[in-house]
2 protein chains.
Amino acid sequence: MTKSTAVSPQAVHEAARDLFARQGYRGTSMKDIAQVLAVSAPNLYNHVTSKQDLLYRIMDVAMDRALAALATALDGVTDLADQLRRATEVTVLDFLENPAEVTVCNTEIRNLDTPLRQAIIDKRDAYGAQILAIVDRGCAQGLFDVPEPRVASFAILEMGNNAKAWYHPDGHYSATEVAALYGEFALRIVGCRLP
Amino acid sequence: MTKSTAVSPQAVHEAARDLFARQGYRGTSMKDIAQVLAVSAPNLYNHVTSKQDLLYRIMDVAMDRALAALATALDGVTDLADQLRRATEVTVLDFLENPAEVTVCNTEIRNLDTPLRQAIIDKRDAYGAQILAIVDRGCAQGLFDVPEPRVASFAILEMGNNAKAWYHPDGHYSATEVAALYGEFALRIVGCRLP
DNA sequence: CCTACCGATCGGTAGG
DNA sequence: CCTACCGATCGGTAGG
């Protein structure tokens, strides 16, 4: 059996994702990506259209995955405290399980050209709007007690963002345990009466 | 009176800080910085030694300012709940009042060469260690009730990091009011009995 | 002679 | 799939 093709659109995507996360978009050359895949830089253009499109797809795939995970986590859950806990847990789990994508989404959005950047911002805002809606409804029901639901929802979304920096999969806690802690923090922030 | 000197180390520092925050370190050329100051790019080297040193000083100044503000905020405060509230408030205030420095510190640390990078990381860790120490002591006193003080302190430090993205100085709340909200969230996260 | 600063260009590398 | 190479721009320094 001869050596199989070493490169594919998916392989380029993954190599670029990891390098962009570690070195940044502008700090990563097409040659860097090619080197990981042991091919020449010009050869990459047989599988992707441009470096910019590569960045866009990395972020778009990451956002779609996060939105899908949130929808699954909330499916069939009616209690608003459960919704907030699950939404926070799935958010933190996404951060821990996809550190490279999350780093790229957090740090490279300014390197996306305007039409593509807005598309990503829209998806990110749609995610945040769902968290805010949960907090708002919980306040309206009297289940939550928080003076500024908008600020609280931002704090909840943001608080787990850095967890990937200190979390190690083979460390003291599992990702699920860390996510559960943040779920608890979210309920505390909104002043939810615990069961 | 003739035109005064338009450039100084401080002016270069400030121009670079704002451009690095908006475009990134690698997305900003020395020519870009020079253009803001209406001088030639080579002229910048009469005021700074290199682009790399410029980045280091921006981050180092930011860290020293944050550490000094934290020390001032905690000076003479003995109650641990007050300490945590004030530490959180001053942290968020620093985020809101120095958005450019904070953005550079958050996104450009990977572009610092190794010896300089470690110096910044050490200062950042020293900041975090003070927050953790407050949470730890509060738990030891039975004033706080949180299962994992380390995770809680990370969540508290991180939760206000994005506030600068949606906060507008001439908007609904003042920076002090926003900071006070986050101070409240911090006490809730650690399960502090409120007065 | 110094500083501050200019126009021009250095050696290398970027995306394509 | 590679070598060769483009227009441009990079950080930094030359002479004057």
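Lettering of chains follows the sequences in order, A, B, ..., and the numbering in each one begins at 1. The structure displayed is predicted, hence computed values, not measured ones.
- For the pair Asp32(B) CG and dT9(D) C1', the interatomic distance rounds to 11 Å; values are reported in whole Å.
- Listed nucleotides: dG15(C), dG11(D), dC5(C). Nearest to the side chain of Tyr45(A): dG15(C).
- Contact check, Asn43(B) against dA4(C): no side-chain N or O comes under 4.0 Å of OP1 or OP2.
- The NZ atom of Lys31(A) sits 13 Å away from the C1' atom of dG15(C) (whole-angstrom rounding).
- Within a 6.0 Å sphere centred on CZ of Arg117(B), heavy atoms belonging to other residues, nucleotides or ligands number more than 12.
- In this structure, the CG atom of Leu37(B) is 11 Å from the P atom of dC6(C), given to the nearest Å.
- Each of Asn46(A) and Lys51(B) has a nearest nucleotide on DNA chain D; the 5'-most of these lies closest to Asn46(A).
- For the pair Ser29(B) and dT9(D), the criterion of a side-chain N or O lying under 4.0 Å from OP1 or OP2 is not met.
- Thr28(A) comes within 4.0 angstrom of the backbone, heavy atoms only, and of no base.
- Spacing between atom CG of Leu44(A) and atom C1' of dC1(D) amounts to 11 Å, rounded to whole angstrom units.
- Contact between the side-chain N/O atoms of His47(B) and the OP1/OP2 oxygens of dC5(C) is found at a separation under 4.0 Å.
- For dG16(D) and dA4(C), the C1' atoms lie 13 Å apart once the distance is rounded to whole Å.
- Under the side chain to side chain contact (heavy atoms under 4.5 Å, CB included) rule, Val104(B) has a single partner from Ile109(B), Leu55(B), Leu19(B), which is Leu55(B).
- Among the nucleotides dC6(C), dG11(D), dT3(D), the one closest to the side chain of Pro42(A) is dT3(D).
- Comparing the P positions of dA8(C) and dG12(D) gives an interatomic distance of 22 Å, to the nearest angstrom.
- Between the P atom of dG12(C) and the CE atom of Met30(B) lies a distance of 20 Å, rounded to the nearest Å.
- For the pair Asp53(B) CG and dG12(D) P, the computed distance is 10 Å after rounding to whole Å.
- Through chains of ILVMFWY side-chain contacts below 4.5 Å, Val102(B) is grouped with Phe95(B).
- In this structure, the side chains of Phe144(B) and Leu84(B) come closer than 4.5 Å at one or more pairs of heavy atoms.
- Side-chain contact between Gln52(A) and Tyr25(A) is present, with at least one heavy-atom pair separated by less than 4.5 Å.
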